[in-house]
There are 2 protein chains.
Amino acid sequence: MPLVKQIRRRGGLERLAKQHGLRLTRQRRLIFAILESAKTHLNAKQILEQAQRLEPGIDQVTIYRNLGVLKRLGVVDELDLLHLRGDQHYYEARQVRAHSHVACLACGKVFEFYTSAIKTIDRELEKECGFSVSFTRIEIGGQCAACRKSGREAPLPRKGKQAR
Amino acid sequence: MPLVKQIRRRGGLERLAKQHGLRLTRQRRLIFAILESAKTHLNAKQILEQAQRLEPGIDQVTIYRNLGVLKRLGVVDELDLLHLRGDQHYYEARQVRAHSHVACLACGKVFEFYTSAIKTIDRELEKECGFSVSFTRIEIGGQCAACRKSGREAPLPRKGKQAR
DNA sequence: ATGTTATTGCAACTGAGTTGCAACAACAGA
DNA sequence: TCTGTTGTTGCAACTCAGTTGCAATAACAT
Ligand SMILES: [Mn+2]
Ligand SMILES: [Mn+2]
Ligand SMILES: [Zn+2]
Ligand SMILES: [Zn+2]
């Protein structure tokens with residue numbers, strides 16, 4: 001599941017945590033660093049494994065609890081990526097500009113798509129409904145250009161334990 | 001979690017199933033009927049419970065398998081609704097017009113939002129990336145007009161077993 | 001230095017969704 | 001209408017992402 005990601009300026013999470021009165025533990029710093037340097041969307045297990053390289057004792061529950069905090073603060077977004085690979089969720093530090101996640105159902109590739117239409121939706125929602133948008137998650141499924149040319153047709157299992 | 005839904009023309013799923021060579025079992029017809037008449041987004045458990053009223057022997061595995069088929073055929077969409085209520089997913093028969101799902105993090109209300117910006121995104125993606133869109137899932141979190149006025153501030157637990 | 005309290009690790013748990021398999025029933029063809 | 005084929009079902013056991021309770025630990029304010 002290769003993809004390109006813009007990297008959030010490092011140190012941002014740490015600064016933000018301080019602002020909210022969070023204690024800067026070794027584990028927390030580590031998780032921040034992993035999220036800020038991630039070049040791909042990571043699920044909790046991947047974050048855990050990466051963290052354990054530097055901090056062997058760290059537990060998955062610490063990962064989940066910190067992801068929970070970061071989600072609530074609105075600095076990390078939780079993604080489903082259409083559950084193409086199973087039931088896990090994926091995480092990414094929120095970027096300056098909102099973007100959509102686009103997944104090819106044929107080859108599994110995921111990429112990010114930037115468009116001003118996201119802002120348009122948010123604006124409409126605020127004006128027409130008086131709704132104050134905190135975050136917008138857009139996930140699109142379909143067939144990528146490469147798979148279209150090669151005629152690959154989405155035989156990819158949409159879910160299941162085997163596809164791990 | 002009240003909301004208004006457009007009702008899909010009934011019988012559509014049955015016709016479509018026939019076209020794809022699916023056998024019309026009693027259980028399947030029942031699931032189709034439930035999906036086509038749903039006035040709210042249903043999770044698998046709710047579909048099961050509703051089905052068991054008319055078909056007490058029906059098992060959850062039958063629900064899941066049929067939802068799987070319908071997803072693959074592209075006639076039913078799977079939604080997360082931001083996992084505001086836990087880890088389940090929700091299902092709805094695909095409507096003629098695509099729409100976004102908007103959830104208030106303060107009161108839990110979910111509503112549907114129709115905008116031409118969805119088509120815009122799909123069109124851009126096709127033109128700029130050569131990507132052929134099969135479905136677009138847009139889920140937006142924030143604060144609804146009522147909660148804004150009353151000052152309710154999203155103390156709603158974003159997840160967890162207790163919130164069931 | 002010390003006390004307060006947020007945070008961690010452990011272990012047991014929860015529950016949505018899946019799997020294997022034998023029994024069943026749609027439905028096409030005779 | 002009977003019959004064979006095979007898609008579909010129910011059951012039971014399972015998987016695994018994520019959660020909970022609790023005691024031990026460690027930030028960090030004073
Ligand atoms: Mn999900
Ligand atoms: Mn809907
Ligand atoms: Zn592809
Ligand atoms: Zn509200």
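Chain naming here is simple, since letters A, B, ... match the order of the sequence lines and numbering starts at 1 in each.
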Given DNA chain D, 5'-ward residue of the pair A:Val61 and A:Lys45, judged by closest heavy atom: A:Lys45

Looking at every strand, decide which applies to A:Gly57 at a 4.0 Å heavy-atom threshold: base, sugar-phosphate, or nothing. sugar-phosphate

Could you check whether B:Asn66 gets within reach of a base, just the sugar-phosphate, or nothing at all, counting any heavy atom under 4.0 Å? sugar-phosphate

On the 0 to 90° scale, with breaks at 30° and 60°, tag the B:His41-B:His101 ring pair as parallel, tilted or perpendicular.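 Answer is perpendicular, since the angle exceeds 60°.
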
Side-chain N or O of [X] versus OP1/OP2 of [N]: is the shortest distance under 4.0 Å?
X: B:His89; N: C:dG17; answer: yes
X: B:Arg28; N: D:dT8; answer: yes
X: B:Thr25; N: D:dT9; answer: yes
X: B:Tyr64; N: C:dG17; answer: yes
X: B:Gln27; N: D:dG10; answer: yes

DNA chain C: 5'-proximal contact among A:Thr62 and B:Leu22 (nearest heavy atom): A:Thr62

B:Leu24 vs B:Ala44, nearer the 5' end of DNA chain C by closest nucleotide: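 Upstream on the strand: B:Ala44.
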
Is a side-chain donor-acceptor pair under 3.5 Å present for B:Glu92 with B:Tyr90? no

Can a donor-acceptor pair under 3.5 Å be found between the side-chain atoms of B:Arg65 and the base atoms of D:dT8? no

Taking the basic N atoms (NZ, or NE/NH1/NH2) and the acidic carboxylate oxygens, is any pair closer than 4.0 Å for B:Arg137 and B:Asp80?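 Between B:Asp80 and B:Arg137 there is a salt bridge, with a charged N closer than 4.0 Å to a carboxylate O.
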
Taking CD from A:Gln88 and P from C:dA16, how many angstroms apart are they, rounded to a whole number? 18 Å

B:Arg23 CZ to D:dT9 P, straight-line distance once rounded to whole Å: 10 Å

Could you check, using the six-membered ring where one of them is a Trp, whether A:Phe113 and B:Phe131 have ring centers closer than 6.0 angstrom?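 Centroid distance A:Phe113-B:Phe131: not below 6.0 Å, so no.
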
Applying the side chain to side chain contact (heavy atoms under 4.5 Å, CB included) test to A:Leu13, which of A:Leu22, A:Leu73, A:Val75, A:Asn66 qualifies? A:Val75

Return the nearest nucleotide to the side chain of A:Tyr91; candidates are D:dA27, C:dT18, D:dG18.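 Closest of the options to the side chain of A:Tyr91: D:dG18.
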
